[in-house]
Amino acid sequence: VTHRIVIGNNKGGSGKTATAVNLAAALAEASKSVLVVDLDPQANATRRLGVAGGTGVSISEALFASTPGTSGAAADAVREVGWKDEIYRQWIDVIPARFDLENRISEAASVGAIGRLRRALQGVDQGYDFTLIDCPPSLGHLTQMAMAGAEACLATVEPEYDSVEGGLRYREFLTTNATDLTNPDLYLLGVIIGRVRTQVSAHAFQIAGMRDSFGPDLVWEPTVPERAVIKDAADASMPLASLGSSRARAVSEIFSELADTMIKRFS
Ligand SMILES: Nc1ncnc2c1ncn2[C@@H]1O[C@H](COP(=O)(O)OP(=O)(O)O)[C@@H](O)[C@H]1O
Ligand SMILES: [Mg+2]
């Protein structure tokens, strides 16, 4: 059975997609199979994983078809990652998104809408070690649907006031509403701090504050520094490793350690 993990924060630019994509790469390098579900109409994860989301079945159609009483509607939407390296092709699959995923949001009030992602993935993702659900910067219907169908949540937070506040609101939201989201056992698995600038003292202050407010066990180590290679790889739709530089290797190593933490939490 897979571990289905929501990656969220209602703050945009907090590194949700960077975490989903680079954690998937690191898990693959550790010989773990991963399904990345792009649940953001911006479809950044889809593009960064080298998948052409423009054609074929996407998460949008899968959710539309996932009416009460159905299961596995996402089966047709699963694609192999678009990165060319064999190791990633072997271990990473993607369910792509397109901008028209927006159309699912207005259907939130239809019967059973909250269960659409859970039903759509039933029997589809159980063979993967991990299913990572990349969420939009919102606590609205799409994120709620992800929370309804997942085992646990990860928050990504920048060491900036508004991002930390977004992370705290995310935790508050999921703990307060788990039962109403039809998923009483849902919990916060961890907080990944990204875009850290070590020379900025305000960042050190925010990181210390996060260890206090989330608790030291929840804040995962190491933190992810602000590095141009992360953006370069993302913009080029390439894995960090194929940049080949020592800076890229250093950042890959950080995501490997985070992947190890993830693996250990479930073993
Ligand atoms: N640690 C980092 N260092 C440098 N750039 C980063 C880092 N994390 C994310 N980025 C870049 O910042 C932008 C926003 O990050 P992204 O992962 O898309 O955030 P979100 O999905 O939360 O909106 C993207 O252009 C991404 O490539
Ligand atoms: Mg994103």
Side-chain angles (χ1 to χ4, degrees), residues 5-26 36-51 53 58-59 83 94-99 101-102 105 132-140 142-143 145-146 153-171 173 190-200 203-204 206-207 210 219-243 245-259:
I5 312 296
V6 182
I7 299 180
N9 183 333
N10 64 339
K11 178 78 171 69
S14 69
K16 294 178 289 296
T17 306
T19 301
V21 168
N22 292 304
L23 208 50
V36 178
V37 179
D38 193 347
L39 204 61
D40 184 348
Q42 297 177 90
N44 299 147
T46 301
R47 187 195 57 77
R48 293 184 201 175
L49 288 160
V51 174
S58 74
I59 190 68
W83 295 344
V94 182
I95 296 185
R98 268 197 300 269
F99 69 94
L101 176 56
E102 292 280 3
I105 300 172
L132 304 180
I133 307 171
D134 187 34
C135 285
S138 142
L139 294 173
L142 293 171
T143 296
M145 204 166 25
C153 297
L154 264 180
T156 62
V157 176
E158 255 189 278
E160 299 282 344
Y161 190 91
D162 291 338
S163 185
V164 175
E165 195 179 68
L168 288 166
R169 201 174 307 123
Y170 176 79
R171 176 180 69 175
F173 183 85
V191 177
I192 292 180
I193 304 178
R195 310 190 71 150
V196 176
R197 277 168 281 158
T198 38
Q199 69 283 21
V200 176
H203 277 197
Q206 290 291 350
I207 292 169
M210 274 187 267
V219 177
W220 286 13
E221 295 290 344
T223 59
V224 180
E226 169 96 4
R227 289 286 181 271
V229 284
I230 294 179
K231 196 176 160 45
D232 293 346
D235 291 355
S237 303
M238 275 166 38
L240 273 168
S242 56
L243 296 183
S245 64
S246 57
R247 278 174 170 267
R249 267 192 299 280
V251 176
S252 292
E253 184 49 43
I254 287 168
F255 282 102
S256 295
E257 288 180 47
L258 292 168

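In each ligand, atom 1 is the first atom listed, and ligand 1 is the first ligand listed. The figures that follow rest on heavy atoms only: side chains count, while hydrogens, waters and symmetry mates do not.
- Numbered from 1 in the order shown, with element, the atoms of ligand 1 that lie under 4.0 Å from a heavy atom of S14 read 19 (O), 20 (P), 22 (O).
- Only the backbone of R227 comes within 4.0 Å of ligand 1, counting heavy atoms alone; no side-chain atom from C-beta on gets that close.
- Ion pairing of E253 with R249 is absent here, as no side-chain N (NZ or NE/NH1/NH2) approaches a carboxylate O to less than 4.0 Å.
- At a heavy-atom cutoff of 4.0 Å, ligand 1 is contacted by the backbone of P225 but not by its side chain.
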List the steps and the verdict of side-chain hydrogen bond (donor to acceptor under 3.5 Å, both in side chains) for T143 and S138. CA-CA 7 Å; T143 296; S138 142; 4.9 Å; no
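- Scanning the protein heavy atoms around atom 25 (O) of ligand 1, the nearest turns out to be K231 NZ, 3.4 Å.
- Between V21 and W83, some side-chain heavy-atom pair lies under the 4.5 Å cut-off.
- In this structure, the side chains of P222 and L258 come closer than 4.5 Å at one or more pairs of heavy atoms.
- Polar contact with ligand 1: absent for D134 (N/O pair, distance under 3.5 Å).
- Ligand 1 is never approached by Q42 to a heavy-atom distance shorter than 4.0 Å.
- Note on E160 versus R197: salt bridge recorded, some NZ/NE/NH1/NH2 to OD/OE distance being below 4.0 Å.
- Every heavy atom of G194 sits 4.0 Å or more from the atoms of ligand 1.
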Would you check, one step at a time, whether the test side-chain contact (heavy atoms from CB on, under 4.5 Å) holds for R227 with R195? CA-CA 7 Å; R227 289 286 181 271; R195 310 190 71 150; over 6 Å; no
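- Within the 4.0 Å heavy-atom criterion, both parts of A18, backbone and side chain, lie near ligand 1.
- When all heavy atoms of N9 and S163 are compared, the pair lying nearest together is ND2-O, 3.3 Å.
- Of the protein's non-hydrogen atoms, the one nearest atom 23 (O) of ligand 1 is G13 N, 2.8 Å.
- Of the options K16, K11, E226, R195, the smallest heavy-atom separation from atom 14 (C) of ligand 1 is shown by R195.
- Nearest to atom 2 (C) of ligand 1 among the protein's heavy atoms is I230 CD1, 3.6 Å.
- Checking T17 against D134 by side-chain atom types alone, a donor-acceptor pair falls below 3.5 Å.
- With a heavy-atom cut-off of 4.0 Å, E158 does not touch ligand 1 at all.
- Side-chain contact of D38 with T46: a donor-acceptor pair under 3.5 Å is present, judged by distance alone.
- Not close to ligand 1: P137, with no non-hydrogen atom less than 4.0 angstrom away.
- The distance from the Mg ion (ligand 2) to the nearest N/O/S atom of T17 is under 2.8 Å.
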Between E226 and K231, does the salt bridge (charged side-chain N to carboxylate O under 4.0 Å, His left out) criterion hold? Intermediate values first, please. CA-CA 9 Å; E226 169 96 4; K231 196 176 160 45; over 6 Å; no
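- Looking from atom 19 (O) of ligand 1 to the surrounding protein, the closest heavy atom is G15 N, 3.1 Å.
- In the displayed structure, R171 atom CZ is contacted under 6.0 Å by more than 12 heavy atoms of other residues, nucleotides or ligands.
- Nearest non-hydrogen protein atom to atom 18 (O) of ligand 1 is R48 NH2, 2.7 Å.
- Of all atoms in ligand 1, numbered sequentially from 1 with element shown, those under 4.0 Å from a heavy atom of A234 are 27 (O).
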